[in-house]
Visitor: 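A single structure is presented below for examination.
Start at 1 and go down the list; that is how both ligands and their atoms are numbered.
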Amino acid sequence: MNKQLLFVKRPVGPAEADTWSLVDTEIPDLKDGEILIKQHYISLDPAMRGWMNDSKSYIEPMALGSVMRAGSVGEIVKVNNHPSFKIGDFISAYGGVQKYAVSNGQGCYKVDPKLAPLPTYIGTLGMPGMTAYFGILEVGKIKEGDVVVVSGAAGAVGSIVGQIAKLKGCHVVGIAGGPEKCKYIIDELGFDGAIDYKNEAVRARLKEECPKGLDVYFDNVGGEILDIALSRLKMRARIVICGAISQYNNKMAIKGPSNYLSLLVNRASMQGMVVFDWADRYGEAAKVMGTWLAEGKLKSKEAVFEGIENFPETFNRLFSGEKLGKLVLKVIED
Ligand SMILES: NC(=O)c1ccc[n+]([C@@H]2O[C@H](COP(=O)([O-])OP(=O)(O)OC[C@H]3O[C@@H](n4cnc5c(N)ncnc54)[C@H](OP(=O)(O)O)[C@@H]3O)[C@@H](O)[C@H]2O)c1
């Protein structure tokens with residue numbers, strides 16, 4: 001039998017428990033060319049909140065009644081005549097929030113649990129890590145000596161952005177919620193400075209941390225913090241619009257930046273990004289980051305919670321910030 005979390009109600013504002021329904025279903029017989037994945041870990045991502053809205057985006061909105069869309073990592077336990085996968089392979093997939101996923105293998109790729117723990121393949125070596133890598137290098141175009149500021153700095157994307165920028169010789173300041181996260185990004189990840197946006201005045205602290213302004217702002221949160229960052233740009237600064245988590249649960253319209261004329265004054269640029277645009281280069285990034293991980297130059301942290309039935313409560317930790325690192329749900333024993 002399978003356990004599936006169905007998406008049954010489009011939320012307005014934060015997603016409440018009645019957004020989903022947990023059901024027991026039978027695992028169907030595999031058609032020719034299909035595989036059955038026993039899912040070990042499911043990825044919880046802020047983007048999921050956007051997928052619940054019935055509006056145009058970079059991906060189709062989720063249909064009501066469908067299995068909650070999610071990245072996952074698991075083991076193939078059954079195969080019906082697939083050219084690329086066999087029983088026992090571990091793979092990364094978009095398996096959704098369920099114990100077992102049937103797939104034709106599209107978008108799936110093999111991972112090696114001996115090289116890195118499985119959750120790392122949906123974190124640093126998965127979609128968030130790819131976002132950080134291509135976002136800071138290709139969109140942020142960092143160079144040695146740049147002053148780089150990143151929000152959501154203790155999270156899945158932000159923590160990797162900051163570490164890559166440090167590896168490239170930048171001065172890195174992170175913005176995160178709470179003293180524990182701020183201590184973590186400095187002591188454990190080697191950031192040069194940290195601003196606790198929940199307890200400190202961000203505008204004044206950003207001035208202290210970057211007295212001459214910033215070259216790159218990697219934005220994961222949007223809202224007021226984006227506006228403040230815009231007020232501290234250096235000439236030809238780059239702003240990477242990666243996400244705007246502070247706005248995802250809005251019941252009203254998104255709050256846009258009012259300081260945008262700073263782009264004009266400073267000949268700066270602000271560019272949005274979607275990680276899927278670099279899909280054909282994920283292998284290259286995984287190789288580089290895998291080497292950094294093995295050499296201890298890059299640290300990866302996952303916050304692992306357990307049980308599909310705990311998905312709604314766990315999902316909301318993305319917004320409350322009650323987790324450190326990449327948020328992951330463990331579904332089945334390794
Ligand atoms: N464009 C792309 O292709 C792409 C791909 C992946 C992710 N993203 C975006 O990247 C961002 C980070 O994603 P992630 O997976 O790395 O998540 P994450 O940072 O691991 O988790 C979300 C974090 O956001 C912070 N947060 C929540 N509400 C906030 C608010 N109102 N103001 C400021 N911070 C808030 C919380 O940290 P604190 O405790 O510090 O508040 C929370 O831990 C998201 O906006 C996501 O949508 C974009």
Side-chain angles (χ1 to χ4, degrees), residues 13-15 42-53 57-59 70-71 94 119 122-124 126-136 138-140 149-164 173-185 189 191 194-200 202 217-229 239-250 254-255 270-279 281-282 285 300-305 314-329:
I42 285 167
S43 178
L44 284 87
D45 298 286
M48 289 169 151
R49 181 62 193 84
W51 301 340
M52 296 176 201
N53 297 334
S57 186
Y58 59 92
I59 194 170
Y94 263 87
I122 45 176
T124 303
M127 187 275 290
M130 300 299 135
T131 306
Y133 186 89
F134 292 107
I136 195 63
E138 301 277 326
V139 187
V149 176
V150 55
S151 53
V157 175
S159 63
I160 304 301
V161 165
Q163 291 182 81
I164 294 175
V173 176
I175 303 176
E180 187 201 344
K181 289 187 179 181
C182 286
K183 188 170 163 21
Y184 167 71
I185 60 176
L189 305 185
F191 284 34
I195 298 171
D196 174 359
Y197 79 92
K198 286 187 174 167
N199 297 292
E200 296 182 313
V202 178
Y217 172 56
F218 193 103
D219 189 26
N220 284 316
V221 305
E224 199 186 341
I225 294 177
L226 168 60
D227 228 11
I228 293 171
I239 293 141
V240 183
I241 301 295
C242 175
I245 195 166
S246 74
Q247 306 297 304
Y248 294 173
N249 282 330
N250 277 9
I254 281 183
K255 184 183 176 293
M270 183 150 99
Q271 187 181 331
M273 65 163 292
V274 174
V275 65
F276 303 143
D277 293 348
W278 286 274
R281 290 180 58 195
Y282 286 175
S300 178
K301 197 177 194 73
E302 295 88 24
V304 181
F305 293 84
T314 310
F315 176 72
N316 282 316
R317 289 175 185 268
L318 288 166
F319 300 93
S320 67
E322 289 166 276
K323 55 95 189 160
L324 183 57
K326 165 70 191 147
L327 190 61
V328 168
L329 199 62

Visitor: Distance-only, no hydrogens or angles: does the Asp196 side chain make a donor-acceptor pair with backbone N or O of Gly178 under 3.5 Å?
Guide: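 Checking the backbone N and O of Gly178 against the side chain of Asp196, a donor-acceptor pair under 3.5 Å is found.
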Visitor: Can any side-chain N or O of Arg49 pair as donor or acceptor with the backbone N or O of Gly13 at less than 3.5 Å?
Guide: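 Indeed, once roles are kept as given, a pair shorter than 3.5 Å links the two residues.
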Visitor: Between Tyr282 (side chain only) and Trp278 (backbone N and O only), is there a donor and an acceptor less than 3.5 Å apart?
Guide: no
Visitor: On a heavy-atom basis, which atom in Gln247 and which in Gly223 lie closest, and how many Å separate them?
Guide: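 Closest approach of Gln247 to Gly223: NE2-CA, 3.4 Å.
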Visitor: Which protein residues have a heavy atom under 4.0 Å from ligand 1?
Guide: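 Only Pro46, Met127, Thr131, Gly155, Ala156, Val157, Ala176, Gly177, Lys181, Tyr197, Asn220, Val221, Cys242, Gly243, Ala244, Ile245, Ser246, Tyr248, Met273, Val274, Val275, Leu318, Phe319, Gly321, Lys323, Gly325 have heavy atoms that fall under 4.0 Å of ligand 1, ordered by chain and number.
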Visitor: Using the test ring pair (Phe, Tyr, Trp, His ring centres under 6.0 Å), find all partners of Tyr94 that sit at least two apart in sequence or belong to another chain.
Guide: none
Visitor: Is the closest side-chain donor-acceptor distance between Asn220 and Ser151 under 3.5 Å?
Guide: no
